[in-house]
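Every heavy atom of this structure was used, including side-chain atoms; hydrogens, water molecules and symmetry mates were not.
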Amino acid sequence: MRDRDPLARLRDVRGFVFDLDGTLVLGDRHNHGLRPLPGAVEITSWATGRGLPFVVFTNGTTRTPARLAAIMREIGFGLPDEAMMTPASSAVQVLGRRGHRRVMVLGGPGLTEPLRDGGFEVVPPAAGTAADAVLVGWFPEFTMPALEAACDAVWGGAELYSASETPFFAVDGRRRPARLAVVGDDPALEVPMAHRGRSLAVAVGTGLGGPGAYDGLPASRQPHLQVRGVDELLVILTREESMR
């Protein structure tokens, strides 16, 4: 599938994964005041109108998926709660599959609330606290006692999970992966993720992946299709649709 013409693959796409920051929206330096990027509302409306499922994901953990979905609706996106994914969404699935029930969380409500809703016992990073797993997210309240408690839990047998290893964010079911397009702005995140899943990697230049971002990278880190932004992607999609 990787050797096929990217536009031919795009015509076959039956679902999308859209990155949030730098792809669909930009916020201020504190990731507040989100505003849609050109073509973002339109491309999600286009997918909805054609019955193509999509999800929007972010590696941020400051807000719950439901809160983020509500914010997206406030700025014009027709996004149901279940279409919004954060590391907490993935954690609920992964931790559940691996049999963890008692989770020590280094993070705020954006992590703890979805885990509690998922039936997990959430415990704080306190001395002497045992856990099956330790989950680390955005944690401005980080302290040395919290680190010691997390280390003690891991040394005691807890599995360690990180919500995200990506150091930056951009500011101002079971479908065949080959028929899925992953659209994002981060050369270190969305493009490699698409390759691992054998999906179509679409890189936008509205966030972290500006001009030259992919120069010199191996094939496993190169996008199949590179566009200025989702507005340009929408133009290509509508053109390819008319050629079917």
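Linking Ile, Leu, Val, Met, Phe, Trp and Tyr whenever their side-chain heavy atoms come within less than 4.5 Å puts Leu7 and Ile43 in one cluster. Linking Ile, Leu, Val, Met, Phe, Trp and Tyr whenever their side-chain heavy atoms come within less than 4.5 Å leaves Ile71 and Leu111 in two separate clusters. Under the 4.5 Å side-chain heavy-atom criterion for Ile, Leu, Val, Met, Phe, Trp and Tyr, Val230 and Val13 are members of the same hydrophobic cluster. Hydrophobic clustering places Val136 together with Phe142 (ILVMFWY residues linked when any side-chain heavy atoms are closer than 4.5 Å, directly or through intermediates). When hydrophobic clusters are built by joining Ile, Leu, Val, Met, Phe, Trp and Tyr residues whose side-chain heavy atoms come closer than 4.5 Å, directly or via intermediates, Leu233 is grouped together with Val204.
A distance of 12.5 Å separates CG in Leu10 from CZ in Arg179, rounded to the nearest 0.5 Å. Here the straight-line distance linking atom CG of Leu189 with atom CE of Met193 works out to 6.0 Å at 0.5 Å rounding. Interatomic distance, CZ of Arg73 versus CG of Leu68, reported as 10.5 Å (0.5 Å rounding). Note: Glu42 CD to Leu237 CG = 13.0 Å, rounded to the nearest 0.5 Å. Note that CZ of Arg11 is 11.0 Å distant from CZ of Arg14, once rounded to the nearest 0.5 Å. A distance of 13.0 Å separates CG in Asp12 from CG in Leu180, rounded to the nearest 0.5 Å.
Counting only heavy atoms from C-beta outward, the side chains of Asp132 and Val103 never approach each other to under 4.5 Å. Counting only heavy atoms from C-beta outward, the side chains of Glu121 and Arg116 never approach each other to under 4.5 Å. Side chains of Pro65 and Met85 form no contact here, defined as non-hydrogen atoms less than 4.5 Å apart. Side-chain contact check for Glu159 versus His100: some heavy-atom pair is nearer than 4.5 Å. Residues Pro114 and Ser89 are not in side-chain contact: their nearest non-hydrogen atoms beyond the backbone lie 4.5 Å or more apart. Taking the side chain as every heavy atom from C-beta outward, Val123 and Val105 never approach each other to under 4.5 Å. In this structure, Phe57 and Thr86 have side chains that are not in contact, with every pair of non-hydrogen atoms separated by 4.5 Å or more. Residues Thr58 and Met84 are in side-chain contact: their nearest non-hydrogen atoms beyond the backbone lie under 4.5 Å apart.
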(request) In sequence, state the C-alpha distance, the side-chain angles, and the governing distance for Val183 and Val17, and then conclude on side-chain contact (heavy atoms from CB on, under 4.5 Å). (result) CA-CA 6 Å; Val183 185; Val17 177; over 6 Å; no
(message) Before you tell me yes or no, could you show the steps for Leu135 and Leu115 under side-chain contact (heavy atoms from CB on, under 4.5 Å), namely the whole-Å CA-CA distance, both residues' side-chain angles and the distance that decides it to 0.1 Å?
(response) CA-CA 10 Å; Leu135 177 62; Leu115 287 176; 3.8 Å; yes
(request) Check the pair Val182 / Val202 against side-chain contact (heavy atoms from CB on, under 4.5 Å), numbers first and verdict last. (result) CA-CA 6 Å; Val182 178; Val202 181; over 6 Å; no
(request) Could you walk me through whether Val56 and Leu79 pass side-chain contact (heavy atoms from CB on, under 4.5 Å), step by step? (result) CA-CA 9 Å; Val56 177; Leu79 191 70; 3.9 Å; yes
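Between Asp21 and Asp19, the shortest heavy-atom distance links the atoms O-OD2, 2.8 Å. What you find for Ala131 and Ala158 is that their closest heavy atoms are O-CB, 3.3 Å. For the residue pair Ala149 and Pro125, the shortest heavy atom distance occurs at CB-C, 3.5 Å. Minimum interatomic distance between Glu190 and Asp185 (heavy atoms only, all atoms of both residues): OE1-N, 3.0 Å. The minimum heavy-atom distance linking His224 with Leu200 is given by the pair CB-CD1, 3.5 Å. Residues Arg198 and Arg9 approach most closely at O-NH2, 3.4 Å, considering heavy atoms.
Using cut-offs of 30° and 60° for the angle between ring planes, the Phe18 and Phe16 rings count as parallel.
Under the 3.5 Å distance criterion, the side-chain polar atoms of Thr44 are matched with a main-chain donor or acceptor of Ala40. In terms of modelled atom types and a separation under 3.5 Å, the side chain of Thr61 and the main chain of Trp138 share a donor-acceptor contact. In this structure, Thr206 contributes its side chain and Gly22 its backbone to a donor-acceptor pair below 3.5 Å. Within the 3.5 Å criterion, the main-chain N or O of Gly119 finds a donor-acceptor partner in the side chain of Arg101.
Looking at Glu113 and Arg67, no side-chain N of the basic residue comes within less than 4.0 Å of a carboxylate O on the acidic one, giving no salt bridge.
For the pair Arg221 and Tyr214, the cation-pi test (distance below 6.0 Å, angle within 45°) is failed.
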